[in-house]
Amino acid sequence: MKMVTGAFNSNMKRALAGLRRIDLDGLRWRVFDAKGQVLGRLASQISTVIQGKDKPTYAPNRDDGDMCIVLNAKDICVTGRKLTDKYYRWHTGYVGHLKERSLKDQMSKDPTEVIRKAVLRMLPRNKLRDDRDRKLRIFTGDEHPFADKPLEPYIMPPRQVREMRPRARRALIRAQKKTEQQGVNTMSKNGKKEEEKAEVSV
């Protein structure tokens, strides 16, 4: 994986915010490449690592998670019609001020916030939530200011495709048989018409 392509030109203050409050001793720096990854599947893997659930020493009352660096947030993928049908809603506190923004608009405005919301909503709502949020660093492209750290690329597990349900499989087989039968019928009709034309010409 290509870790960094050049100097980090984005907001350095925002990228390094809150690092002083994290005890970095013994933590691993895991790098996630979001390019071409499905949003929910990537967020579930990040939430597992950021909680330390991939370690045998995991305990729910301790924050043993590793640092997570997510690159290429602008190239994240979603399935179905979520790009236009999924909305983020919030209220300003004033009467009637319920705001909403579609996923497509949020991706054009700030794609890092899409991944951050997906990961944070998978974390338990307790006192460790803010510390785990500080361990998550998301960048729009492949540039980041942590090139001097011992980075470890995270390999996403292979996607397991669920087998088709019996009812859907039977419906698919019926549809295939119907199309084959229609094809045979059209061929037989065309053959009969050609024979009739040949008889008329004779």
Side-chain angles (χ1 to χ4, degrees), residues 1-22 29-51 65-125 128-149 151-162:
M1 181 188 295
K2 195 173 182 181
M3 296 299 179
V4 61
T5 57
F8 183 67
N9 299 321
S10 187
N11 191 347
M12 182 69 74
K13 185 177 180 180
R14 182 181 178 185
L16 302 178
L19 278 181
R20 296 178 182 177
R21 303 181 64 178
I22 303 174
W29 293 74
R30 315 292 290 274
V31 181
F32 294 81
D33 190 3
K35 189 171 186 179
Q37 296 291 338
V38 180
L39 175 61
R41 298 179 183 276
L42 177 67
S44 63
Q45 296 296 322
I46 295 173
S47 64
T48 300
V49 173
I50 212 169
Q51 293 178 79
D66 296 323
M67 291 291 298
C68 295
I69 302 172
V70 185
L71 306 178
N72 298 317
K74 58 182 174 56
D75 298 325
I76 197 75
C77 298
V78 290
T79 58
R81 302 177 181 175
K82 296 185 185 70
L83 203 62
T84 54
D85 291 358
K86 181 177 175 63
Y87 283 89
Y88 297 97
R89 293 181 175 87
W90 68 98
H91 203 284
T92 62
Y94 290 93
V95 177
H97 280 239
L98 178 64
K99 305 292 184 180
E100 67 177 20
R101 184 182 293 147
S102 65
L103 177 59
K104 185 176 181 179
D105 295 338
Q106 183 63 46
M107 286 292 293
S108 60
K109 183 178 178 65
D110 187 12
T112 62
E113 197 64 22
V114 173
I115 300 179
R116 185 177 303 279
K117 285 181 182 295
V119 174
L120 288 184
R121 290 172 181 180
M122 293 184 183
L123 298 178
R125 289 161 178 80
L128 301 176
R129 186 184 176 91
D130 293 339
D131 294 335
R132 289 166 175 166
D133 183 22
R134 293 187 190 98
K135 291 182 178 180
L136 180 61
R137 305 288 157 161
I138 308 172
F139 301 96
T140 306
D142 56 357
E143 297 179 353
H144 59 88
F146 304 113
D148 56 336
K149 304 294 182 182
L151 303 177
E152 301 178 21
Y154 185 86
I155 300 174
M156 292 287 291
R159 182 176 178 181
Q160 297 179 353
V161 181
R162 187 179 63 183

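Any value given below was found using the heavy atoms of this structure, including those in side chains, with hydrogens, waters and symmetry copies removed.
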- prompt: What class does the angle between the rings of H97 and Y94 fall in, given that below 30° is parallel, 30 to 60° is tilted and above 60° is perpendicular?
  reply: tilted
- line: Distance col, row R134:CZ vs R21:CZ, nearest 0.5 angstrom, shows 3.5 Å
field: Spatial distance of atom CD1 (I76) from atom OG1 (T140) [nearest 0.5 Å]
entry: 12.0 Å
- request: Indicate yes or no: at least one non-hydrogen side-chain atom of Y154 is less than 4.5 angstrom from one of D66.
  value: no
- prompt: To the nearest 0.5 Å, what is the distance between CD (Q51) and SG (C68)?
  reply: 10.5 Å
task: Report the distance from atom CZ of R30 to atom CG of L151, rounding to the nearest 0.5 Å.
output: 11.5 Å
- prompt: Between CG of L136 and CD1 of I69, what distance do you get to the nearest 0.5 Å?
  reply: 10.0 Å
Least distance between heavy atoms, L16 atom then F146 atom: CD2-CE2, 3.6 Å
task: Given side-chain contact (heavy atoms from CB on, under 4.5 Å), test V31 with K149 step by step and report yes or no.
output: CA-CA 11 Å; V31 181; K149 304 294 182 182; over 6 Å; no
query: Side chains of H144 and R137: does their closest heavy-atom pair fall under 4.5 Å?
result: no
message: Would you say that L39 contacts K82 through its side chain, given a criterion of any heavy-atom pair below 4.5 Å between the two side chains?
response: no
task: Using modelled atom types only, decide if a donor and an acceptor are shared between the side chain of K135 and the backbone of G65 within a distance under 3.5 Å.
output: yes
- prompt: From R89 CZ over to R101 CZ, what is the distance, rounded to the nearest 0.5 angstrom?
  reply: 13.0 Å
Which pairs would a plain distance check flag for residues 111-124, meaning a side-chain donor or acceptor within less than 3.5 Å of a matching protein atom at least two apart in sequence or in another chain?
from	atom 1	to	atom 2	distance (Å)
T112	OG1	D110	OD1	2.6
T112	OG1	D110	OD2	3.3
R116	NH1	D133	OD1	2.9

